**Student:** 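A single structure is presented below for examination.
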Amino acid sequence: MSSQSVLLIGASGWVGPYFSAEFLQQKDKFARLAILSDASKVSKFAKEAAAGIEIVVGSYLEPASFKGSTTVICMLGNEPMKLQPHIIDAAIAGGVTHFYPSEFGSDLSHPVALTQRYFRDKQATRRHLEQTAQKHNTFGYTYIMNGGFAEFAAHPAFGFNQAEKKFEFWGDTKIRQPVSGWNEIVAIISRIEGVEYQIIHHPNDEAYAQAAMFANEGDVFQELMWSLKAFLGDPKADPVPKPWDVDQFPEIEPEGLEASLKRYLEAKK
């Protein structure tokens, strides 16, 4: 058994349930497995608690919440993500020695990503991690850059409208993501559902203009959503430039794109 005691933050979000399920499959490899939850959200984790994951009730801004944990995996979504530097400080004060920030997507060192509003808070977190690690020689961190999660390609945030059977994209759908091109993704979903999805193209500049408009209005949620749409359709963007290091994980057998999309769509029914 590993001496690692893992604490999951943001476990009820987009990717959190997948992480919890996988950790449960490998629970015996860890000294402790826990989810940090606000008191008002504990009921969301009834299934995980019943399966053996400890539920820690507290705030991710308080060092006491991290007592007994050595490793933190943060999966916070767009708006609370800006709090990660404060969370890191609280985690270190609580005894954490390794931190995985909420990234799980694009390579933030790419020139386009460096100027993107959507990644601004992630960039600030990276700078804080790097500065903090220089001050604490027992503290480390890991960035995970996996490109887009295949199943979320069909999420409404990326332009899919399942009710109206259409896909709106702000840019060129020939742009390839790490898993495939958007035209192929639309074709696969059309095949799975047995109905042809309409592809509607918009100029990439429109998405950037929408992001700027919502920024001026103070609507952070919509600002981030439109900034992401703009990045996905930007011809200069490359979510995860090669070389990739997937060959370092031979034990992982990736799920096919069509299987991922089918599983996601069936789960929404």
Side-chain angles (χ1 to χ4, degrees), residues 14-15 77-79 103-123 145-242 244 255-269:
W14 276 21
V15 301
N78 292 337
E79 293 184 71
E103 294 215 351
F104 313 112
S106 301
D107 181 355
L108 304 189
S109 65
H110 188 277
V112 177
L114 289 172
T115 62
Q116 273 288 341
R117 168 61 183 97
Y118 186 76
F119 302 117
R120 187 176 71 193
D121 297 328
K122 293 186 178 187
Q123 300 283 7
M145 296 169 285
N146 53 269
F149 289 99
E151 53 266 60
F152 292 149
H155 193 278
F158 302 128
F160 268 92
N161 186 324
Q162 194 172 17
E164 298 181 17
K165 307 303 178 187
K166 67 180 182 181
F167 172 61
E168 293 189 79
F169 193 74
W170 282 259
D172 186 349
T173 51
K174 295 187 179 69
I175 293 175
R176 290 190 63 79
Q177 297 298 300
V179 292
S180 184
W182 287 103
N183 285 334
E184 183 182 354
I185 291 170
V186 174
I188 290 173
I189 292 175
S190 296
R191 183 165 63 249
I192 291 172
E193 297 201 347
V195 59
E196 194 70 24
Y197 270 71
Q198 178 188 10
I199 299 178
I200 302 173
H201 296 88
H202 302 278
N204 184 242
D205 289 346
E206 284 187 9
Y208 280 109
Q210 287 288 105
M213 181 190 75
F214 284 113
N216 290 333
E217 295 178 358
D219 189 334
V220 176
F221 178 81
Q222 289 295 342
E223 177 193 4
L224 290 170
M225 286 294 92
W226 281 99
S227 178
L228 178 58
K229 287 183 173 73
F231 177 74
L232 291 172
D234 193 319
K236 301 184 294 296
D238 190 350
V240 184
K242 291 184 178 180
W244 300 338
E255 184 178 56
L257 175 59
E258 184 159 348
S260 294
L261 292 170
K262 186 175 181 179
R263 174 169 50 78
Y264 174 79
L265 292 168
E266 287 181 346
K268 289 182 64 181
K269 293 179 179 177

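Just so it is clear, the model here is predicted, and its values are computed rather than measured.
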**Student:** Show the nearest heavy-atom pair for residues His110 and Ala237, with the distance to one decimal.
**Tutor:**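 Heavy atoms only, the tightest pair is CE1-CA, 3.9 Å.
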**Student:** Between Phe214 and Leu224, is the side chain to side chain contact (heavy atoms under 4.5 Å, CB included) condition met? List the steps.
**Tutor:** CA-CA 9 Å; Phe214 284 113; Leu224 290 170; over 6 Å; no
**Student:** With a 4.5 Å heavy-atom cut-off, do Ile192 and Glu266 have their side chains touching?
**Tutor:**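 In short, these two side chains do not touch, never coming nearer than 4.5 Å.
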**Student:** In this structure, is the centre-to-centre distance between the rings of Trp14 and Phe104 below 6.0 Å?
**Tutor:** no
**Student:** To the nearest 0.5 Å, what is the distance between CD1 (Ile199) and CG (Asn183)?
**Tutor:**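 Between Ile199 CD1 and Asn183 CG, I get 4.5 Å after rounding to 0.5 Å.
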**Student:** Do any N or O atoms from the side chain of Ser227 and from the backbone of Glu223 form a donor-acceptor pair under 3.5 angstrom?
**Tutor:** no
**Student:** With a 6.0 Å cut-off (strictly less than), is the heavy-atom count around NZ of Lys242, excluding the residue itself, greater than 12?
**Tutor:** no
**Student:** Do any N or O atoms from the side chain of Lys229 and from the backbone of Ala157 form a donor-acceptor pair under 3.5 angstrom?
**Tutor:** yes
**Student:** Hey, mind stepping through Tyr208 and Gln116 against side chain to side chain contact (heavy atoms under 4.5 Å, CB included) and telling me if it holds?
**Tutor:** CA-CA 10 Å; Tyr208 280 109; Gln116 273 288 341; 2.6 Å; yes
**Student:** For Phe231, which of Tyr118, Trp170, Phe119 qualifies under ring-ring contact (aromatic ring centres under 6.0 Å, His included)?
**Tutor:** Phe119
**Student:** Does Trp226 form a side chain to side chain contact (heavy atoms under 4.5 Å, CB included) with Arg117? I'd like the steps, not just the answer.
**Tutor:** CA-CA 10 Å; Trp226 281 99; Arg117 168 61 183 97; over 6 Å; no
**Student:** Applying side chain to side chain contact (heavy atoms under 4.5 Å, CB included), run through Gln222 and Glu217 and close with a yes or a no.
**Tutor:** CA-CA 10 Å; Gln222 289 295 342; Glu217 295 178 358; over 6 Å; no
**Student:** Answer yes or no: is there a donor N or O on one side and an acceptor on the other, between the side chain of Glu103 and the main chain of Lys122, under 3.5 Å?
**Tutor:**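 Between the backbone of Lys122 and the side chain of Glu103 there is no qualifying donor-acceptor contact (under 3.5 Å).
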**Student:** Do Phe167 and Ile189 touch side chain to side chain, with heavy atoms closer than 4.5 Å?
**Tutor:**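 No; the side chains remain at least 4.5 Å from each other.
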